[in-house]
Amino acid sequence: MKIQRCKGTRDLSTEDMRRFSFISEVFRDACSKYGYGEVKTPTIEYLHLFTSAGTLTPGMLGKVYSFLDWDGWSGERVVLKPDATIPVARLYIEQMPEKLAKLFYITNVFIFEETGKKTREKWQCGAELIGVGSPLADVELITLAVEVLNRLGLKGAELRLSHAGLTRGLLHKLALSPEEQDRVFDQLLDGDITALARIKTEKPELAPLLELQGKSAGFVKNLATLLDFPELKPQVDDFLKIASMLESLGYDYRIDMASARGFEYYTGVIFQLFCGEEKIGGGGRYDALIPSMGGKKTPASGFALYLDPLMNLIKEETLNQPQRILVRVEPEALKT
């Protein structure tokens, strides 16, 4: 019988590794320039890390690879990590409490896909800025992500913005139970477009707000006037500051209030990066994640770029361009 690789996995050929290494080197260099240090977390983590704090949507939890890890006469259920941010948050709580941390990683994550035609093992490179709660931190991460894409020759990437705090606030106006609000929010995060259809039926006057799209900080100002919900002013102001800073830096973006795709732990701005219809990265603010995992109240945000689609998008001429290499010279060496 011919032995085959597991469904949903891929071998990385010599050419694939050439592209993988190129992206990794560009990412490492950019992160180092911004003051981020590299970390690695285990491939296997305890299941309760992803369940006890409600960190993943039910849809994502239904796709994790979990099994019982025997330890003597007892066992603990573990998973192949389905997300990279949550283990980094655990590492921070264990080793770096109450410190400013700028961390990056290159790792694989595992998400089950029923057909086996799409990859179940996914590679990503990401960065986390922990301990800073200002909009400037979110803009720094977006700038870092865009700089990496530019250096990879992908200068036409589309940046899409939404805000988890605003979306949750609008769902609160539906007068649903907290459990129902969480359910609809999770459906939006999982990309369930039927959730909006149900909102149109249940609360037609609010549905247009979730469908709003725009391309400027002025749009956010108009959104603030349109909403006229005083309790949402902090979220609107936060979104406005981020949009204004990005605009002043010359970044093009699209605001789409219904595009809150991602993770349940997001609390603030959410951003996604696309090349055409291919999603190549995303991230956002998650101020409630670390305290929900037993750590102290700590603001944080981060992003990940997806290596698998990026490897297919890199052009040959970009691979052949010489790359800038950072060389550190120790002071003692200069004395000889």
Side-chain angles (χ1 to χ4, degrees), residues 8-9 27 31 36 38-67 69 76-96 101 103-113 118-130 138 141 145 162 164 182 185-192 260-273 279-295 298-310:
T9 63
F27 187 74
C31 287
Y36 290 73
E38 187 169 11
V39 295
K40 282 192 181 296
T41 58
T43 300
I44 298 175
E45 295 274 6
Y46 289 121
L47 175 63
H48 62 74
L49 178 65
F50 301 94
T51 58
S52 59
T55 46
L56 294 182
T57 67
M60 291 191 69
L61 279 173
K63 298 177 181 179
V64 300
Y65 283 90
S66 69
F67 53 94
D69 184 25
E76 193 74 60
R77 187 156 289 278
V78 297
V79 296
L80 300 180
K81 64 181 176 188
D83 170 65
T85 294
I86 294 170
V88 171
R90 175 196 51 72
L91 179 152
Y92 174 84
I93 293 169
E94 291 178 359
Q95 300 185 24
M96 312 172 189
L103 310 172
F104 78 92
Y105 56 82
I106 299 169
T107 191
N108 51 351
V109 296
F110 299 84
I111 298 290
F112 179 74
E113 192 275 329
K118 295 181 180 179
T119 53
R120 296 171 177 173
E121 179 188 25
K122 303 174 186 290
W123 285 91
Q124 57 184 231
C125 45
E128 314 293 340
L129 178 45
I130 303 175
D138 300 311
L141 288 164
S162 57
D182 289 340
F185 186 64
D186 287 341
Q187 289 170 338
L188 289 173
L189 292 177
D190 286 333
D192 183 357
R261 307 285 172 83
F263 298 93
E264 194 173 71
Y265 52 67
Y266 286 143
T267 57
V269 68
I270 297 175
F271 64 93
Q272 301 174 91
L273 293 156
K279 185 176 178 180
I280 56 175
R285 175 153 293 279
Y286 52 91
D287 288 349
L289 177 60
I290 290 174
S292 73
M293 294 169 61
T298 308
S301 53
F303 75 91
L305 298 177
Y306 309 142
L307 276 149
D308 299 280
L310 287 176

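The figures here come from the full heavy-atom set of this structure, side chains too, leaving out hydrogens, waters and symmetry mates.
Remark: Asp287 engages Thr267, Arg285, Pro299 in a side chain to side chain contact (heavy atoms under 4.5 Å, CB included) (not counting sequence neighbours). Every residue two or more places apart in sequence or in another chain that forms a salt bridge (Lys or Arg N to Asp or Glu O under 4.0 Å) with Arg90 is listed here: Glu45, Glu94. Residues satisfying the side chain to side chain contact (heavy atoms under 4.5 Å, CB included) criterion with Leu80, sequence neighbours excluded, are Thr43, Ile44, Tyr65, Phe67, Phe110. Every residue meeting the salt bridge (Lys or Arg N to Asp or Glu O under 4.0 Å) condition with Glu38, not counting sequence neighbours, appears here in chain and number order: Arg28. In this structure Tyr46 satisfies the ring pair (Phe, Tyr, Trp, His ring centres under 6.0 Å) test together with His48, sequence neighbours excluded. Scored by the side chain to side chain contact (heavy atoms under 4.5 Å, CB included) test, Lys63 finds Ile111, Phe112 as partners (sequence neighbours excluded).
Taking OH of Tyr265 as the reference point, atom CG of Asp83 lies at 3.5 Å (rounded to 0.5 Å).
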Verdict with supporting geometry, Phe104 and Val39, side-chain contact (heavy atoms from CB on, under 4.5 Å): CA-CA 6 Å; Phe104 78 92; Val39 295; over 6 Å; no
Stepwise side-chain contact (heavy atoms from CB on, under 4.5 Å) check, Tyr92 with Ile290: CA-CA 9 Å; Tyr92 174 84; Ile290 290 174; 3.8 Å; yes
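For the pair Ile106 and Lys40, the tightest heavy-atom approach, listed with the atom from each and the gap, is O-NZ, 3.3 Å. Contact detail for Leu289 and Ser292: the closest heavy-atom pair is O-OG, 2.6 Å. Annotation for Pro291 and Thr298: closest pair CD-N, 4.1 Å, computed over non-hydrogen atoms. Nearest heavy atom pair, residue Val79 against residue Ser66, reads CG1-CB, 3.6 Å.
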Using residues 123-130 as the side-chain source, report each donor-acceptor pair under 3.5 Å to any protein atom, sequence neighbours left out, with the distance given to one decimal.
unit_1 : atom_1 : unit_2 : atom_2 : d
Glu128 : OE1    : Tyr286 : OH     : 2.6
Glu128 : OE2    : Thr85  : OG1    : 2.9
Glu128 : OE2    : Tyr105 : OH     : 3.3

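Leu305 has its side chain out of reach of Ile280: every pair of non-hydrogen atoms, C-beta onward, lies at least 4.5 Å apart. The shortest distance between side-chain heavy atoms of Val109 and Pro82 does not fall below 4.5 Å. Side-chain contact between Phe27 and Leu310 is absent, with no heavy atoms from C-beta onward closer than 4.5 Å. Residues Ile86 and Phe50 form a side-chain contact, since some pair of their non-hydrogen atoms from C-beta on lies under 4.5 Å apart.
Residues Lys81 and Thr41 bring a donor and an acceptor atom of their side chains to less than 3.5 Å of each other. Between the side chains of Asp308 and Thr119, no donor-acceptor pair of N or O atoms lies under 3.5 Å.
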